[in-house]
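First comes the structure, then the notes that go with it.
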Protein chains: 2
Amino acid sequence: MKKISDSTISRLSTYYRTLSNLIDQGIETVSSDEIAEINNITSAQVRKDLSFFGSFGKRGLGYNTKALREEIAKILGLKKEWNIALVGVGNIGRALIDYEEFRKQGFIIKALFDKDRKKIGKEIKGLRINDIDDACYVTKEKNIEIAIIAVPAKNAQAVVDSLVACGIRAFLNFAPITIKVPSNVTVKNENMSIELEALSYYLTQSN
Amino acid sequence: MKKISDSTISRLSTYYRTLSNLIDQGIETVSSDEIAEINNITSAQVRKDLSFFGSFGKRGLGYNTKALREEIAKILGLKKEWNIALVGVGNIGRALIDYEEFRKQGFIIKALFDKDRKKIGKEIKGLRINDIDDACYVTKEKNIEIAIIAVPAKNAQAVVDSLVACGIRAFLNFAPITIKVPSNVTVKNENMSIELEALSYYLTQSN
DNA sequence: AATTGTGAACCTCTTCACAGCT
DNA sequence: AGCTGTGAAGAGGTTCACAATT
C-alpha cells in the first residue's frame, strides 16, 4: 500500500471525532466543506485525505455521517479494542489510567508496570502493578499490543528496548527524549514541554 | 521576521534538551552530525534549522554546547519564567500540576481554575482553585500569559473564549476538539487519542 | 445546483553538495 | 582535514480548479 502521511492519519482522527459529534447531534449528512470549517482546514484537504482510501461521498450531496465514521474507524483500526500496557505509575501514568477518552476509543489499559518495589504488587482500579522485569510474561498473557511509556527520560530507552524484545511494536512515549527502535516498530511522542516551548516562542516573537 | 515552520521550532526544543543532556555529561563541543544522530534526523536539517536564527558554530569544530543551548533558550523565549493558568482540575490537570518537566523549563503554574463548586476554594499544592468566572481578575493579578485547557471537550471553546477576552494569547489544549481563536492567539494541541489512533492505524496496516 | 474526486499547479520543507572557514 | 552555512535540487504535502455525478 502507498505511504500515507502522518498528517493525513491524524486528520482522519479529527474527522472521526467531528463525525461522532455530528452523529450525536442527529445530523445525517455532511459536506467536506462543513467538516473543513469545523476543523479550520480546507475542503480540498478533507476530500484528498479521504480519497487515499476510497470514495465515500455522493456528488452533489456530501457524506453520510454514520457511514463515513464507520469507514474511518475501519481505516484507523478502531473496530477492535486494543490492549494497552502502561509503564510508569507516576503522576502522568495515574492520570492516564483514569482517562475516559482512551477507553471510549477502545484503548483499554490492561497491564501496569513500574520498577519501584514500593508500588509493585499494589492495585490501581483493579489492575495490579507488575514488575517491569516480568514484562514479557505479562504482556504475552494479557495480549498487549501497545505500550504507553510514562517513566523518567533516563529510563525510557531501556524500558522500550525490553518491551521491543518482548514483541511490542507500538509505543506512545511521554518521556522527553528521542527513543530508538527498529524500523518495524512505531513510536509516537507526546511531549508536552515541546508544545509549551512553541507557545513561548510565539509569545516572544510577537512582543 | 520571516515565518519559521512549526517543525523547526519543535526541533529546536529537542536540540535544547539534547544539549542539556550533553552538558550534564560534561561534553563541551558537539557537531551537527552528533545532534542529528541522537534525534534520528539528518545533520543538514540541524544546520538549516539553526541557520534561520544565526551562525552559532565554528567550521571544522562544531558547536559549543553551553553557548548553543543559550542561543536556543533565547530563541524559544526560555530566558524568563512563564506564568501559567491551569483550567480544569481533573485527572489530567492534577497530573500537570505535579509535572516536574514544566517547572524545570520555567513554566510555572500560578493559577488554577475550575467551575465545579465543590472544588472552588480548595487548595492543591498551595494553589487555590478559583472560579473560572473570575478568570479576568485572577489572570491579571497573577500576570498569566499562557493557559492550559484541561476541561471536557464540550466546555473547552467557551473557556478559551472567555480567557481570550481577558487577554490571554497562548493556549495548550488537551481537549479533543479544534478550538477557534482570533489570528493573534496561538493554540497548541495535545491530543493523546490522536497519537494512539495513529499507532492503531500502523498496527492495522502491518497485519 | 450542489458537491465529490482528482490531476496539475503550487508551495513548503528536507536533503544534497560544496564553497568557505577554522 | 573537518565541519559549518547555504543556495539549489528534490521530495512531499496542500490547494486549485474543474470534470463527473447525483
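Numbers restart at 1 for each chain; the letters A, B, ... are given by sequence-line order, proteins then strands. In this text, all values refer to a predicted model and were calculated from it rather than measured experimentally.
The residue among G62(B) and L61(A) whose nearest nucleotide of DNA chain D is located toward the 5' end is G62(B).
A salt bridge is defined here as a Lys NZ or Arg NE, NH1 or NH2 lying under 4.0 Å from an Asp or Glu carboxylate O, and K180(B) with E37(A) meets this definition. Here E197(B) does not pair with K188(A) in a salt bridge; the nearest charged N to carboxylate O distance is not below 4.0 Å. One finds a salt bridge joining R17(B) and E101(B) here, because a Lys/Arg side-chain nitrogen approaches an Asp/Glu carboxylate oxygen to under 4.0 Å.
Between F52(A) atom CZ and dG7(C) atom P the separation is 11 Å, expressed in whole Å. We find that CD of E71(A) is positioned 16 Å from P of dT4(C), with the value rounded to whole Å. Atom OH of Y15(A) is separated from atom P of dT4(C) by 12 Å (rounded to the nearest Å). Taking atom CG of N64(A) as the reference point, atom C1' of dT4(C) lies 15 Å away to the nearest angstrom. Atom CD1 in I4(B) sits roughly 15 Å away from atom C1' in dT14(C) (whole-Å rounding). Rounded to whole Å, atom P of dG5(C) lies 9 Å from atom CG of L68(A). In this structure, CZ of F56(B) is placed 18 Å from P of dC21(C), rounded to the nearest angstrom. Distance D49(A) CG to dT4(C) P: 13 Å, rounded to the nearest Å.
R47(A) and S43(A) are linked by a side-chain donor-acceptor pair at a separation below 3.5 angstrom, with hydrogens and angles left out of the test.
The side chain of S5(B) places no N or O atom within less than 4.0 Å of a non-bridging phosphate oxygen (OP1 or OP2) of dT12(C). Residue S31(A) has no polar side-chain atom (N or O) positioned under 4.0 Å from OP1 or OP2 of dT3(C).
No hydrogens or angles were tested; on distance alone, nothing pairs the side chain of R59(A) with the base of dT3(C) as donor and acceptor under 3.5 Å.
By the salt bridge (charged side-chain N to carboxylate O under 4.0 Å, His left out) test, K48(A) pairs with no residue at all, sequence neighbours left out.
Residue pairs that meet the disulfide bond (SG atoms under 2.5 Å apart) test with at least one member in residues 152-200 of chain B, sequence neighbours left out, are C136(B)-C166(B).
Side-chain contact between Y99(A) and I92(B) is present, with at least one heavy-atom pair separated by less than 4.5 Å.
On the nucleic acid side, DNA chain D has its first and last nucleotide under 4.0 Å of a heavy atom of chain A at dG13(D) to dT22(D), going 5' to 3'.
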